[in-house]
Chemist: 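Questions regarding the structure given below will be posed in turn.
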Amino acid sequence: MPGSSIEFRVVILAVVLAILGIATFLSDYDLRLAILAILAAISVIGLYFAFGLAGMIHLAQGAFVGIGAYFSAVLVLRTGLSPWITVLIATAATTLISALLAYPMHRTKSHYLALITVGFNVSFEVIIRNWISMTGGYDGIGGIPLLRIGTPLRSELEFFYIAVAALIVCALIASLLRTSHIGRAMVAVRDDELAAAASGINVARTKTLAFVICSGYGGLSGALYAHYSGFISPDDFSLGRSIILLSMLIVGGEFSILGAIVGAVVLSYLPEWLRFVGGGYMAVFGLLMLGVLIIMPNGIMGSLRSRWRLAMSKDR
Amino acid sequence: MDLAIQQFAQLALNGVAVGCIYAIMAISVQLVYETTGVVNFATGQLVMVGAVVGASFAAIGSLGVGGIYTATLVSMAAMGIVFAITAYWPLQSRSISTVVIGTIAVGIFLQNVALMGFGPLPAKGFSPVGEGILNISGIVVPTHSIFAAVVSSALIGGLYIFLNYTSLGVQMRAIAQDIEAARLMGIQTTAVLGFTWALTWVFAGVGGLLLAPLWLVDVDVGDSVALKAFAAAIIGGFGSIPGAIVGGLIVGLNETFSAAYISTKYKDVVVFGVMIAFLLFKPRGIFGERISERG
Amino acid sequence: MALWGRSGPVGGSPCRRTGEMERKILLETVGLECHFGGLRAVSNLDMRLERGKITALIGPNGAGKSTTINLLCGFVTPTAGRILLDGKDVTARPPHRLAKAGMVRTFQNGRLFSRMSVFENAQIGNSSRMAASVFDVVRRGLRWRTEEVNLRRRVRDLLDEFGLLADADRLVTELPYGKQRQVEMVRALAGSPDVLLLDEPAAGLNSVERENLALYLEELRGRGLTMLLVEHHMGLVMKVADHVVVLNFGSKIFEGTTEKTQKSSVVAEAYLGRRGIQHA
Amino acid sequence: QEEIVVGAALPITGPFAGAGLQTLQGLQLAEHDINTAGGINGKKIRFQTEDTQVSNSVAINAFLKLDQAKLPFIFLSSFTVQNLATEPEVKKAKVAVMYGGGGVTIGEQNNPYMFRLRANDALRAAATAEAAMGVLKKKKIAIINVQDQFGNAIAELLRKKIVERGGEVVATETHNIRDTDFAPQLQKVKNSGAEALVVFGYIRDQALIIKQRRALGLTGIPMVSVTSVNEDSMLSLIALEDLENVIGVADAVFGEANPNGPKSVKFVDDFTARFKVPPDGFGSVYYDGAMMVAEALKKVGPDREKIRAYLAGLQNYKGVTGTFGAGANGDMLHAVSIVEFIPGKKAVRVVKNVTDK
Amino acid sequence: MLRCNDISVSYGSVKALSEVSLHVEANEIISLLGANGAGKTTLLRAISGLTATSGTVSLDGSSIDHLSPSRRVRAGVAQAPERRRIFPGLTVLENLTVATAAWKRLGVAYDEDLDRVYQLFPRLKERARQLGWSLSGGEQQMLAIGRALMSRPRVLLLDEPSLGLAPMLSEEVYERIAKINKQGMTVLLVEQNTAMALAYSTRAYVLEHGKIVLEGTAKVLAEHPRVREAYLGT
Ligand SMILES: Nc1ncnc2c1ncn2[C@@H]1O[C@H](COP(=O)(O)OP(=O)(O)OP(=O)(O)O)[C@@H](O)[C@H]1O
Ligand SMILES: Nc1ncnc2c1ncn2[C@@H]1O[C@H](COP(=O)(O)OP(=O)(O)OP(=O)(O)O)[C@@H](O)[C@H]1O
Ligand SMILES: [Mg+2]
Ligand SMILES: [Mg+2]
């Protein structure tokens, strides 16, 4: 693990500080893109558990982001609690809800599971749209109180710092879990369920855990989003969104947490960078995505890492 | 005939008609799965391309029925080969999930290229049997639906025989299961995979041609249908052609009946709810998947 | 080349259940039956594994040996019959619970976790003994740290014993087949099992390596481990087994000591062939 | 030579691209017309577009990108949810915008920077009620609406109007935008004993409902169609027979029937010549919007606040769609038309204009 | 007939084979001996064209380096690979017939080939309709060998053919291989069961750490002290 070397930590720290510093010079639009990328990154780290480690093709992360967002928004508007508290409650609630949903997935595998999640995401959209008394239906929910720390900073900048902090905590927890028997068990289940079971791993429980952690990350990301944008509606939590979230992980490199972050940033920014292309920019987006998959076998981080390794081995 | 019964019969017929289209698309999903091990998330877009290309050839006006169909399917086959060379082949040695995401990328690409080329407005599809409607004692059915059902049954039967009883079909399945071993058996994997994808695109093309006159053509025409086709494949069981048919019909009927007797708002929830319920009792679909593992 | 001669402090558990009531028979099957469609892969099998002994299960290809192991470790639910582990009925328990109860297996064709290093593969073997929760892990709590440290030490010792320490950080798929088989043994032992079900552990090993395996199995037995050995290498079986059970077409056709097995004409006809033993 | 850039955040990709394309074409034609007529006091005008897809988040991105460029004016899309999502940002940015979404909820935000180019859905619902109850003289009405913000909201407005006028809504059915089989909904309408059917949808589903209505033998129940009823994009999808017993409510009627006749005729000809398709309501209102903005730029220059004030005071602007004027809630267009088909033709004539008082 | 010159293979920085040369003459049975990790499998993979290699492989005097793996099979070099690589979702019969892709033309029958395999392994005939994944280990091994035979090879590469076979059967398999060999098929085999391999082969090579350290006739090698110590355990 490169994470163990002190040098590596210093580098990371420097990068983080630099980002925080540079942020003060950015326009609100640039900060907004950065914040959206970071929020996406949090839910993609969640997918790192479900898909990267446990190998579950999970196409409903958008729905869990939505559950977190709606839960927190409704709670804050109905109870008047502080958004800081409702974000935490919403995250916990999303986790619980996903634990219930994990049940029907127990016995299914790979594609079946993928399609169950598809069904779940579609159903979520339908329910959110029609449960008007709770969710406002298609109109969505507006006027959600924003998360503030109470600094004199611009609100975008302030939220940017909140988001960076959340991302760092999330990534840290993820890396702690990955390097423990829990993370190992997830990888084992992905590689070979039969052998994992024979080695004493409770496959169903491990998959449920991965799924639940994944949803927790999604819920947190969604709740933060609600209190950042102030407005949520069903379109932002569609199946299409879920697909993009999973693509972020794979493009970034499904085997690493840094990959999750890099993928989220790249695919969040790509459409914005491509706006200059004009009408066909989404076609270019599709092509570039395919290109990354072809040129970089294990995603961006995967191939950076193997480059790096190769360079290191030549040095010696 | 009693009105309630007549309406029930009408709904059942419509459910079957919709189910047939789902079945063809589910078959396209199955074909790719059986021959490459990949769930093709671009299925909806392939069907869309078929419909759009068909509509574009029909718009030329001077091509006859045969001309339109041949031109469409030949272009689909050509595009399938291009796809195999440029997108599938470079990804083929990667993990299945990478290929799956690759198909998503291709889907995004196709949809947006079609949007640029064809434009966002819907168009009429072309039917070789015209827009007539048959009325059988109050129950109506478009003649094109009958045509579609006949063509798709023939194709599905043909595909079943092809995959299970011809040497090439068995070779295609062997490649999906272990491509290196397939090379060691002297199978020319590159050529066979090219053929596989050409066939897949042609199949999707037929799907597109068949559904166009019934549902109109636009660049989103495949999207929601694809989801239903996946549900059909799941209910029937991946890798099973009879499963795709049964699954397609179940989804089609389920959709029409739940719209009529439960709720038009929640009908999709019912469809996916039934799918999940199926999986609780039959985790591998009705016809199951044949490949398993042993210790 | 692997040298397994060195003896160390690891291996089977040092008799965790030392109660007064220790049973002589640790694992027992009663009328075990397994059908696949019309095929009777195992039929009416009564088999007893004595504590601290090596029982060999032999028989021609397709006789039902691996199926028996699959039944014992919970992969396949028996059509009929019971499995008793230390006197308790464990029929149709899920595999991970059986592993926790001390029954661990290896696989005939080798099944390792291909995305993991040798070391991590070995660590997985101890999964059923890890009790630390998600919260322990995230806090890096004492419970987790002790567990992890102990596990690392144990795995390191085991790898050392098998001469695999140099390969510890390699991806398992990079290892030659023979070494992969050894990693599987390490993985199985990492969980401190009471019963070890070995499905053709010598397949892919040459005769020198096989000799070492024999010594090692004997050593494990010395530490009190109970073993079921499925093997086609008669040399190995005859050398280490205390008791032999012979299957043919799913049924037990013979059972007895190694000497009796070698002399049995039934076994010779069904399995060994005229010159089988010399060639093994 | 300097140019003046005006922003437009529109759905160029995704399911709403159809409306987005017409919008874009309306703006492009306006750009051409303004510049050939001498531009804005000698400077050329240019519309910079950004895609909103179907996502609110992306719509806000697009808006902020344009806002960041400090453009004097920005056009938003015709999708109410996106408009709602962008509304707070508009307020923050203090830039006047024009949008085409009909949802009444946007107007209720009382945002002084938001100007609506099309009739609001309350007016459209009132006209629909008038078509069904006043023109067709039916009392038992069935509604089929597309499941989305537009469909659900306008169906509810219509229901209220009908009840207000002493009628009865005997069935309210919904469908998804991508649905293909409408037999369940149509059968329920038939069974409900409805005397008239109102459909709110988009081009494709509307066309399919009209076709399937005839196939299932429901032509006896007159139908009021609200979307694109007089537009080529929809009419080209259906047969003449399908139009039996159909009337409609149209945003814009072009040509001679238009209150600003000659101007409208020229617009249709120019548009059709340039884009090979006739304009629809989206194309025409954004064309008009662009012209109004050009006027504002000419009069008060590229100052955001002055443009807002100018538009807020604008009255009686005669556009190609109709006559615009700033009213309550930022509404600028105040009339829609009830139309019927000329027998044997896929063309309409105006039965009645309905205005918001 | 088959000749390898200076074959080297590396995996990253690890050299698995360095400049291995060997030759197999028509009608020979050659065995390749070596401890695990010596590079035996790697060499067979190189001959079949499954890894990137330097050096040349030639068949009947002409180089086959440029040929894809499947073309090499068509040229007559078949392999029963390590780990068997049975197609799990094909039936036993399909597993066998699919291998005829190497030579099959429309209308040419393979009944004789099939009979020959069934004769060698009657169990396969009993299991003809069973799917590959559900076979027992030994049955899979039979299928792997049978499948390689179905492609009508002139040179057959066998990677540990006796692995997982019951003693009686593995002996029988060797007898049959010897018989087929007499009918004109050349065999290159990798085997852990050194005694048995040497008993049936004409010549043998010993591979250690990716290099050939010994070669000679089977008889001589069987008596060689180094072989006796390292591979025969005596
Ligand atoms: N799931 C299954 N479906 C059908 N038949 C099966 C299944 N599993 C095993 N069999 C059959 O049951 C028989 C016993 O298989 P098993 O694997 O137990 O044999 P084995 O004694 O381990 O043989 P070997 O020594 O060759 O490994 C075999 O003939 C096999 O084909
Ligand atoms: N994919 C790989 N990546 C890295 N190293 C590899 C890979 N495959 C093989 N090796 C290395 O190449 C060497 C030769 O391996 P090979 O599989 O050819 O051995 P072998 O002689 O067949 O052994 P066995 O008898 O155990 O099958 C070994 O040191 C192995 O670690
Ligand atoms: Mg076995
Ligand atoms: Mg090997």
Side-chain angles (χ1 to χ4, degrees), chain A residues 51-52 55 57 59 101 103-116 118-127 129-130 192-195 197-198 239-240 243-244 246-251 254 278-295 297-299, chain B residues 29 33 38-39 41 86-87 89-91 93-116 223-224 227 230-231 233-235 237-239 263 265-277 279-285 289 293-295:
Chain A
F51 178 71
I57 302 181
L59 291 170
L101 289 167
Y103 182 74
M105 307 188 176
H106 264 169
R107 295 206 297 155
T108 54
K109 279 214 260 187
S110 56
H111 310 309
Y112 296 90
L113 194 124
L115 273 300
I116 287 188
V118 166
F120 173 66
N121 208 124
V122 173
S123 304
F124 169 79
E125 286 174 68
V126 175
I127 291 169
R129 286 186 171 138
N130 289 300
D192 190 335
E193 280 192 17
L194 226 49
L239 176 64
I243 291 178
I244 293 291
L246 188 62
S247 310
M248 286 174 174
L249 180 62
I250 290 176
V251 166
E254 68 208 64
Y281 81 106
M282 282 307 285
V284 179
F285 173 78
L287 268 192
L288 283 181
M289 203 168 128
L290 188 64
V292 170
L293 294 177
I294 290 175
I295 299 164
N298 290 312
Chain B
V29 174
Y33 182 74
V38 173
V39 176
F41 272 82
T86 56
W89 194 250
L91 287 178
S93 58
R94 307 290 169 69
S95 74
I96 292 288
S97 53
T98 307
V99 189
V100 169
I101 300 294
T103 65
I104 291 174
V106 169
I108 294 176
F109 173 74
L110 289 175
Q111 187 134 8
N112 286 283
V113 167
L115 184 63
M116 286 190 291
D223 289 8
S224 61
L227 289 185
F230 288 138
I234 286 277
I235 291 176
F238 260 100
S263 154
K265 284 189 177 145
Y266 288 101
K267 69 179 189 337
D268 282 354
V269 178
V270 177
V271 167
F272 288 109
V274 166
M275 178 185 94
I276 290 171
L279 290 180
L280 278 178
F281 299 104
K282 290 233 138 215
R284 294 166 153 254
E289 209 169 340
E293 287 183 301
R294 51 167 299 178

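A note on names: the letters A, B, ... follow the listed sequences, proteins ahead of strands, and every chain is numbered from 1.
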Chemist: Which answer fits B/Ile101, side chain, backbone, both or neither, if we ask what part of it has an atom under 4.5 Å from a heavy atom of chain A?
Modeler: both
Chemist: Using the side chain to side chain donor-acceptor pair (under 3.5 Å) criterion, which residues pair with A/Ser123? Sequence neighbours excluded.
Modeler: none
Chemist: In terms of heavy-atom pairs under 4.5 Å, which option from B/Ser97, B/Gly102, B/Gly237 contacts chain A the most?
Modeler: B/Ser97
Chemist: Determine the minimum heavy-atom distance between B/Leu91 and B/Thr98, stating which atoms define it.
Modeler: CD2-CG2, 4.2 Å
Chemist: Might you point out which heavy atoms bring A/Gly52 and A/Leu249 nearest each other, and give the distance in Å?
Modeler: N-CD2, 3.9 Å
Chemist: Please confirm whether the ring centroid of A/Tyr112 lies under 6.0 Å from the ring centroid of B/Phe238.
Modeler: yes
Chemist: Heavy-atom distance under 4.5 Å to chain B: side chain of A/Leu59, backbone, both or neither?
Modeler: side chain
Chemist: Taking all heavy atoms of B/Ile104 and all of A/Ser247, pick out the closest pair and write down the distance.
Modeler: CG2-OG, 4.5 Å
Chemist: Looking only at heavy atoms and a cut-off of under 4.5 Å, which of A/Ile116, A/Asn130, A/Leu194 has the most pairs with chain B?
Modeler: A/Asn130
Chemist: What closest approach, in Å, do A/Ala283 and B/Val113 show between heavy atoms, and which atom pair accounts for it?
Modeler: CB-CG2, 3.9 Å
Chemist: Select one option (side chain, backbone, both, neither) describing which atoms of A/Tyr281 are under 4.5 Å from chain B's heavy atoms.
Modeler: neither
Chemist: B/Ser93 versus chain A, heavy atoms under 4.5 Å apart: side chain, backbone, both or neither?
Modeler: neither
Chemist: A/Phe51 and A/Glu254: which non-hydrogen atoms are nearest, and at how many Å?
Modeler: CE2-OE2, 3.6 Å
Chemist: Checking A/Leu293 against chain B: side chain, backbone, both or neither under 4.5 Å from a heavy atom?
Modeler: both
Chemist: Where does A/Leu239 contact chain B at under 4.5 Å (heavy atoms): side chain, backbone, both or neither?
Modeler: side chain
Chemist: Measure distances from B/Leu280 to the heavy atoms of chain A and classify the residue's part below 4.5 Å as side chain, backbone, both or neither.
Modeler: both
